[in-house]
Amino acid sequence: LSAAPRRVAAACTLLIAAIASQVHATTLLQQNFDALPLGPSVNETPIAANVWTKTAPAGWSIDDSGMPAGGGVTEWKGWSFADPAWWSQAAQDQGRSQFTKGTGVVAVADPDEWDDLAHDAGTYNSFLNTPAISLAGVGAGSAQLRFDSSWMPEGVQTATVTASYNGGAATEVLRWESEGGNQAFFKAANTNETVNVPLNNPLGATTMTLSFGMTNAGNNWFWAVDNLVVFTPLTLQVDAASGAMKILGDASFALTGYEIASPSGSLNPAGWKAGNLDAQNLGTPTPAAADFNNTGGVNAADLALWKTAFGATAAADADNDNDSDGADYLRWQRQFGQTSDAGSTWLTLLGTESQLIESYLQGSSTFAADRPIGAGFDAAQGTRDLQFTYTTLAGEKGTGFVQYVNIPAVAAIPEPTAAALISIASLGLLLMRPRARNK
């Protein structure tokens, strides 16, 4: 590379780093279909009011152009939306009631029930499409899809999710096939699960549309979905030059713990421990239970108080059983020297070159602003293979997005001088000269 292209490459690296540093976790689209007004049944029994509709939420659409033109059960001619209890009852259950994650109103593609009335020749092919989803400020590769799913396979019935970026051609991000011949796509029955799908949004994509397809189906089974969320997960930002790490702020996550792993061992536990949440004393300390006199620590004065209260009052009650007894003395022994309950602030649980773990056992922290957690990346080794997972107060375990900034530019190979070129040419001619044969 000449000097000019090298400067452009370095500038591009810095630009990408600057763009990436603005990415924060956020919800891009959320839909549970519960606000849809439902109408009366048409062909299905039991006859009921307010149980189904073909009208999609505002901005959404259903494409049934691939369905046979006439016939079939009206309620299930392509994707529709239904009360899950009525759907299960109308179809004589057959596993549909197992979709307990689906509540209120669910989106249903049910070729099995559609095929119960005569219809024109052809197979079931229907697509449920989202509105355009803004990707403004979303880092490349960070968008994810999560939804609850009830899938019962048979025959050649196929489920797909495709993504179109900036109105371009659809890209398949999920494919489930009912037959086991192609093991890469075969999906066994699972009638009640939560599915997470990386959307692999490319650099420069500003909008995205998703499409849920049920295709190639006849008298087979069903696919129902609910509680769709398109989001960017919590992001761990890693400075590849300095090793400094931070959790990018997002007020929607109440964290109870996180783990950073590196298969190659490219972590710096000492740098992380020096600045992680534990080192910052983050949390609200709860006084130790055996601090009977509330002086901020468990010491000999608390033992004296226990001796006075033993068998008489609850003044030295460490286990909340309204008395002062031997169990409270044992608690005093275990907590002697403590200033607070160990689980009431962030704790370092494990720190190695392959794994860093912190947890808040009796609380959680919400970060509205970016939060540094120490220089936990080994910048000298520089292997960018970190994996970031976290747990929330809601009991969810998330797979975070790892983002590297300040990535060192790749050093260009120096251009050969004229003298060097002459030497290389001379060597080539020498190698090409035929050798004399031995007699």
side-chain hydrogen bond (donor to acceptor under 3.5 Å, both in side chains) between Asp385 and Thr383, intermediate numbers included: CA-CA 6 Å; Asp385 64 349; Thr383 304; 5.8 Å; no
State the [atom1]-[atom2] distance between [X] and [Y], to the nearest 0.5 angstrom.
X      : Y      : atom1 : atom2 : result
Leu135 : Leu199 : CG    : CG    : 9.0 Å
Met245 : Gln403 : CE    : CD    : 13.5 Å
Asp226 : Phe99  : CG    : CZ    : 5.5 Å

I'd like to know if the side chain of [X] pairs up with that of [Y] as donor and acceptor (distance under 3.5 Å, no hydrogens or angles considered).
X      : Y      : value
Gln89  : Arg96  : no
Asn32  : Asn227 : no
Asp378 : Asn268 : no
Asn125 : Thr123 : yes
Ser97  : Asp93  : yes
Ser242 : Asn406 : no
Asn293 : Thr295 : yes
Ser364 : Thr256 : no
Glu259 : Tyr390 : no
Trp346 : Ser365 : yes

Tell me if the CD1 atom of Ile47 is crowded by more than 12 foreign heavy atoms within 6.0 Å. no
CD/Gln92: more than 12 non-hydrogen atoms of other groups inside 6.0 Å: no
Given 3.5 Å as the limit, does a donor-acceptor pair link the side chain of [X] with the main chain of [Y], or not?
X      : Y      : result
Thr27  : Leu29  : no
Gln280 : Pro372 : yes
Asn43  : Thr74  : yes
Asn192 : Thr100 : yes
Asn166 : Thr206 : yes
Asn276 : Gly374 : no
Thr348 : Glu358 : no
Ser80  : Thr53  : no
Asp148 : Val195 : no
Gln144 : Pro233 : no

Side-chain heavy atoms of [X] within contact of [Y], under 4.5 Å:
X      : Y      : value
Phe186 : Glu179 : no
Leu145 : Val229 : no
Thr232 : Phe401 : no
Asp325 : Asp321 : yes
Val402 : Arg384 : no
Thr352 : Leu267 : no
Leu236 : Ile260 : yes
His119 : Val73  : no

Hey, do the aromatic rings of Phe33 and Trp60 have their centres closer than 6.0 Å? yes
Test side chain to side chain contact (heavy atoms under 4.5 Å, CB included), reference Asp250, set Thr366, Thr235, Leu234, output is Leu234
Test side chain to side chain contact (heavy atoms under 4.5 Å, CB included) applied to Asp328 and Asp319, step by step: CA-CA 6 Å; Asp328 302 305; Asp319 54 10; 2.9 Å; yes
Carefully, step by step, assess Lys187 and Glu193 under the rule salt bridge (Lys or Arg N to Asp or Glu O under 4.0 Å). CA-CA 12 Å; Lys187 171 71 173 179; Glu193 69 171 328; 2.6 Å; yes
For Phe212, which of Phe147, Trp176, Phe127 qualifies under ring-ring contact (aromatic ring centres under 6.0 Å, His included)? Phe147
Trp87, Trp151, Trp114, Trp76 screened by ring-ring contact (aromatic ring centres under 6.0 Å, His included) with Phe222, the one that passes: Trp87
Apply ring pair (Phe, Tyr, Trp, His ring centres under 6.0 Å) to Trp79 and Trp223, showing your working. CA-CA 9 Å; Trp79 281 97; Trp223 188 27; 5.7 Å; yes
So among Thr130, Thr160, Asn129, which one has a side-chain hydrogen bond (donor to acceptor under 3.5 Å, both in side chains) with Ser211? Asn129
Check the pair Lys273, Asp278 against side chain to side chain contact (heavy atoms under 4.5 Å, CB included), reporting the backbone distance first and the verdict last. CA-CA 8 Å; Lys273 290 177 182 178; Asp278 185 3; over 6 Å; no
